Structures are given as structure tokens and as C-alpha cells.
Amino acid sequence: MQLVSKINLTMLVTFAFGLAASSWYAYHLTQDNALRQVTDQAELLLEHAVALRNYTVNEIRPLTESGGDKYGVFHPQTVPAYAATQVANIFQKKRPEYSYKEAVFNPTNTRDNAAPWEEKIINQFIENPSLDKIVGSRYTKKTKSLYIAHPIKITNPSCLECHSTPDRAPASMVAKYGDKNGFGWKLGETIGTQMVLVPYTLPSLIAKQTFKSFIGSTALIFLALFIAINIMLHALIIKPIKTMTDAAEKLATGDIKGAKVNVYSRDEIAVLGSSINKLRRTLEKARQRSR
Ligand code: HEC
């Protein structure tokens, strides 16, 4: 095998292993970053809903008498769950892949009814009371989403004013929602889950693009290095060695005059060239002496 082939093969094998290892690392790094980004978005959405709930309880509810006005009309706008869900639904019109829902087994408003997959999550919270969060992925309409679920537990006795029995609830509320749903909740009971869904689409697209451009630029750097090393190899080693081999061949066949090597630099190969020139001069002198 020729010298150039040996060097090129070594470079190719080293590059292949290096690229495989760094691709593996870059792939996991970009995927982890995407997951962290999506999780952060979901947490943000959830925290926003909690803030909205607090605002409704602390600033809107006190303006009314248990959610109803003096005319006996109940205003759901004073209910934190309603405020959070309404705002989420408005937001969802712009960003359909994002969703926030207060999924409940026995909800006051039937739109909050837990879907079968949400029921499974609520049951997990019921079975493990210490669990405060469940994170997972879900495929919906060709979109991969990340979900974060927090349990909804009745810890405040004031909730039971509206969610224990219809006769305890404000009459205006029962008039609006009926006396069938959203009652019978108990203190300490886990009744549902706050469910946030965030799409993976954009972060995973960014992760893929970052990964691809990393691989592309690494390959480009290698290609540039490969070409540069081959040009250098040819100019600094292969060509001078060929000249010297020709000179040595000429000396061997007695063509002493034609065996002159032009030396332009002072590197190791040039030193070899000077040595051939010295040998040529010595042989020339020996030939003159013998005449
Ligand atoms: C003044 C009455 C009232 C009080 C007090 C009240 N809620 Fe509600 N709650 C409602 C009404 C009415 C709805 C339905 C709102 C809608 O139309 O979305 C509701 C909805 C909910 C929902 C969404 C699921 C469903 O039932 O539709 C959750 C969860 C909830 N409430 C939890 C609580 C918790 C926890 C407390 C105590 C911190 C509480 N509620 C206190 C009236 C009340």
C-alpha cells in the first residue's frame, strides 16, 4: 500500500470513529435540551394557570357574594377553574397544540370531564398520595406532546361550600349548573388533575437542525483537512521523494551529472536531498581521480 493511501486510511478510520462518538454525544445533548425546553414550557404554562387561579380567588371572588350577584345570577368568571380554563382556551385558538385542562372525575362543568387516559393518571395520584407530578409523552393527531400533570386535591374546606352537597352551594350556582355534577367531593380527596400538554414539534425540529448542522460542519472541517493534508503530503513528501528516488536511480546507473537534486528548504527531506548531492559530488570526485 502506498504511503498516501496508508495516511488517508488512518485519517478516514479515525474520522469515522470520532464522528460516530461525537454524533452520539451531540444527538443525546440536543435531544436532552429539547426535552428540557418542552418541560420548561409546560411548567411555565402550569405556573401561569396557578397564578390566574390565585388572582381570581384573591381579587375577583371578593367582589361578589359566593360568585353570585344581588340579582341571584351566578358568575363563573369568579371561579378559579373557570378563569384558568377560559384563558387557556383563548390561548389555544392561537396555539392549538398547547392545552391546559382541569380534568376531573365528577366535574361541575362537563367540559372538565376526564378523558380515559387522564382518568388513569388521576388514579395514579390516588394510589400514590405522595406523588405530586407525572410527566410523560403522548401522540395526538400526528403531534408528539409532552404532558405534565399535577394532582388536584381538596385541601381547603372552603371548596366544599360549592362542591359538597347542592343544598350547601349558592342557589345561583345550582340554578346555573344543576345539582348533579361537581358535588360529593371530600376534604383530602384527589378529585382530578391539572393537565398541561406542550408540543415537541418546534424544539425537536431545532434539535434535529442543530444536530444536522453539527454533523455537516464536522464533515466539512474533515474534508478541508483531508484536502489540505493531501496537498501538503504531495508537495512536501511524495514529490521530493520521487525526485530523490530518480536521482538515486541515476547514480546507481552511473548518470552522475543528471543526479543533481534541487534543494529549496531545510526540512528533513531537504537534508536527504543535500546528502544525495554530497554523495553525487563524492562519486564525481572519485571518478575524476580515477581518470
Ligand atoms: C363559589 C363556589 C365555588 C367554590 C367556593 C369553589 N368552586 Fe370549584 N367550581 C365552581 C364552579 C361553578 C365550577 C365550574 C366552572 C366552569 O364552568 O368551568 C367549578 C369548577 C372547579 C373545577 C374544575 C372541574 C369542574 O368541576 O368543572 C375544579 C378543579 C374546582 N372547581 C376546584 C375547586 C377547589 C379546589 C376549590 C377550593 C379551593 C373550589 N373549586 C371552590 C364553584 C366553586
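Below, each value reflects all heavy atoms present in this structure, side chains not excepted, and no hydrogens, waters or symmetry copies. One-based numbering, in listed order, for ligands and for the atoms of each. No experiment lies behind these values; they were computed from the predicted model shown.
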For ligand 1, which atoms, with element, lie under 4.0 Å from some heavy atom of Cys162?
1 (C), 2 (C), 3 (C), 4 (C), 5 (C), 42 (C), 43 (C)
Under a 3.5 Å distance rule, please check whether Asp132 uses its side chain to pair with a backbone N or O of His150 as donor and acceptor.
no
Just by distance, do the side chain of Asn156 and the backbone of Cys159 share a donor-acceptor pair under 3.5 Å?
no
Hey, what's the ring geometry for Tyr27 with Phe211, parallel, tilted or perpendicular (30° and 60° as the breaks)?
perpendicular
Kindly confirm or rule out an N or O of Asn109 lying under 3.5 angstrom from an N or O of ligand 1.
yes
Who's the nearest protein heavy-atom neighbour of atom 32 (C) of ligand 1, and how far?
Trp185 CZ3, 3.6 Å
Name the closest protein heavy atom to atom 14 (C) of ligand 1, giving the residue it belongs to and the distance to 0.1 Å.
Thr108 CB, 3.7 Å
To which residues is Val104 joined in a hydrophobic cluster, defined by side-chain heavy-atom contacts under 4.5 Å among Ile, Leu, Val, Met, Phe, Trp and Tyr, whether direct or through other members?
Ile152, Ile154, Leu160, Trp185, Leu187, Ile191
Contact check: Cys159 to atom 8 (Fe) of ligand 1, N/O/S below 2.8 Å
no
Under 4.0 Å from one or more heavy atoms of Tyr177, ligand 1 contributes atoms 12 (C), 14 (C), 15 (C), 16 (C), 17 (O)
Closest approach of any protein heavy atom to atom 24 (C) of ligand 1, naming residue and atom
Asp112 OD2, 3.3 Å
Those atoms of ligand 1 less than 4.0 Å from some heavy atom in Phe74
12 (C)
Do we get Lys144 above Tyr200's six-membered ring, with its NZ or CZ under 6.0 Å from the centre and within 45° of the axis?
yes
Closest non-hydrogen protein atom to atom 19 (C) of ligand 1, residue and atom name please, with distance?
Val79 CG1, 3.5 Å
State the atoms of ligand 1, each with its element, that fall below the 4.0 Å cut-off from a heavy-atom position in Arg61.
4 (C), 5 (C)
Considering the heavy atoms of Ser158, write down every atom of ligand 1 situated less than 4.0 Å from one of them.
5 (C)
NZ/NE/NH1/NH2 to OD/OE distance under 4.0 Å, Arg53 and Glu102:
yes
Within a distance under 4.0 Å of any heavy atom of Ala81, pick out the atoms of ligand 1 and give their elements.
20 (C), 21 (C), 22 (C), 23 (C), 28 (C), 31 (N)
Within the 4.0 Å heavy-atom shell around Arg111, which atoms of ligand 1 are there?
18 (O)
Considering heavy atoms of the protein only, find what lies nearest to atom 40 (N) of ligand 1 and give residue, atom and distance to 0.1 Å.
His163 NE2, 2.9 Å
Between Lys260 and Glu284, is there a salt bridge with N-O shorter than 4.0 Å?
no
Identity and separation of the nearest protein heavy atom to atom 29 (C) of ligand 1:
Glu102 OE1, 3.3 Å
In terms of atom number and element, which parts of ligand 1 are under 4.0 angstrom from non-hydrogen atoms of Val104?
24 (C), 29 (C)
Decide if atom NE2 of His75 counts as having more than 12 heavy atoms of other residues, nucleotides or ligands within a radius under 6.0 Å.
yes
